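Chain letters run A, B, ... following the sequence lines, proteins first, then strands; residues in each count from 1. Because the structure is predicted, anything quoted here is derived from the model rather than measured.
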Protein chains: 2
Amino acid sequence: MEADWTDETKGAVESHGKYISAIYRHMQILIAAELAPYRIGSGQYIFLMAIAGQEKITQKALSEDLLIDKTTTAKAIAKLEAEGYVRREADPADNRYQLLYLTEAGRAVVPKVQEGLNRVKSIARRGISDEEYAFMLVLLKKVLRNVSE
Amino acid sequence: MEADWTDETKGAVESHGKYISAIYRHMQILIAAELAPYRIGSGQYIFLMAIAGQEKITQKALSEDLLIDKTTTAKAIAKLEAEGYVRREADPADNRYQLLYLTEAGRAVVPKVQEGLNRVKSIARRGISDEEYAFMLVLLKKVLRNVSE
DNA sequence: TTATATAGAATGCTATTGCAACTAATGATT
DNA sequence: AATCATTAGTTGCAATAGCATTCTATATAA
């Protein structure tokens with residue numbers, strides 16, 4: 001009674017794309033709510049935490065590590081800098097590079113941000129065992145490699 | 001040598017959030033490229049396919065099914081209507097409802113869109129067995145339920 | 001019947017994100 | 001040394017997405 005593509009359509013809507021998209025958007029909302037008290041948006045926290053894990057990093061390296069466009073990185077870093085959490089310093093060896101460091105305020109806020117992220121993560125992981133979660137991560141990494149190369 | 005939160009930080013950056021985010025963004029890019037010939041953006045295809053699967057649907061029902069904000073739905077439908085793929089008809093029984101249908105052009109483009117989505121999906125699924133993929137979907141559904149309730 | 005409440009949809013605003021094009025600095029070639 | 005190419009980062013623009021608010025139509029209450 002329906003054309004062939006109808007089933008195909010439902011198959012596609014039921015594929016990972018829909019879930020990835022919905023999870024992403026809902027997590028953005030949850031994270032934004034957690035970090036609002038610190039004036040850190042859902043587009044900035046990942047950069048703050050990456051710098052916390054490796055200071056003296058460049059925007060280019062951040063972009064590559066996080067698989068985010070360099071112009072997005074530039075804007076996120078600018079916001080973190082404006083909020084006083086990150087400072088930039090030109091690399092004396094090559095003035096094209098801006099080396100990124102946490103400020104004192106940045107160092108102070110990182111544990112708070114981590115707590116907020118942990119709360120969101122524990123909500124997202126409800127009812128999923130460590131083994132299942134680890135396996136899901138393996139598969140997500142595969143998918144990411146597939147779509148990003 | 002590093003503070004305790006550093007490991008926590010790496011753990012968080014390595015959790016599903018980063019992968020979900022990166023997969024979402026890269027899939028948006030791939031899908032946008034596939035559908036550009038039809039002037040359908042990455043923010044509209046899911047609505048087009050949902051209407052194809054169930055015509056005479058309302059924007060409210062679409063928003064709930066797809067877990068997308070109703071204002072986002074309104075804007076996406078407006079674009080699909082402007083491109084001539086979808087038409088709206090006020091429900092004669094209740095004029096608050098706009099019933100959504102595909103136009104002839106919409107019906108014609110759906111299989112093309114499906115092909116493009118299938119191409120992206122097959123790229124994303126490379127090296128993942130049917131069983132693994134199915135299991136990943138189960139877990140993604142769990143995560144989605146957790147973050148959307 | 002009129003006033004209030006509710007529901008679906010639309011609009012204005014803002015945040016996130018990426019592309020194209022640009023600037024500034026370094027490196028390579030002649 | 002001067003020209004050209006490459007690289008890191010910035011800026012302008014547009015698309016996606018959600019919140020707050022408004023609009024319009026229906027339902028409920030007085």
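- For the segment residues 85-100 of chain B, residues with any heavy atom less than 4.0 angstrom from an atom of DNA chain D are, sorted by number, B/Asp94, B/Asn95, B/Arg96.
- Closest approach of A/Glu132 and B/Leu139 over heavy atoms only: O-CD1, 3.4 Å.
- Counting heavy atoms from C-beta outward, A/Phe135 and A/Leu137 have side chains that stay 4.5 Å or more apart.
- The listed nucleotides are C/dA9, C/dC19, C/dA15; the one nearest the side chain of B/Thr58 is C/dA9.
- The base of D/dG9 does not come close enough to the side chain of A/Lys75 for any donor and acceptor atom to sit less than 3.5 Å apart.
- When distances are taken from the side chain of B/Asp69 to each of D/dA17, C/dT11, D/dG18, the shortest belongs to D/dG18.
- Closest approach of A/Ala124 and A/Ile128 over heavy atoms only: O-CD1, 4.1 Å.
- Of the listed nucleotides (C/dG18, D/dA17, D/dG9), C/dG18 has the atom at the smallest distance from the side chain of A/Thr71.
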Stepwise side-chain contact (heavy atoms from CB on, under 4.5 Å) check, A/Leu66 with A/Thr73: CA-CA 9 Å; A/Leu66 302 175; A/Thr73 300; over 6 Å; no
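- Pairing each heavy atom of B/Ser21 with each of A/Tyr24, the nearest pair is CA-CD1, 3.6 Å.
- Across A/Leu102 and A/Glu55, no two heavy atoms sit closer than the pair N-OE1, 2.7 Å.
- Relative to the side chain of B/Lys60, the nucleotides C/dG8, D/dG18, C/dT16 differ in distance, and C/dG8 lies closest.
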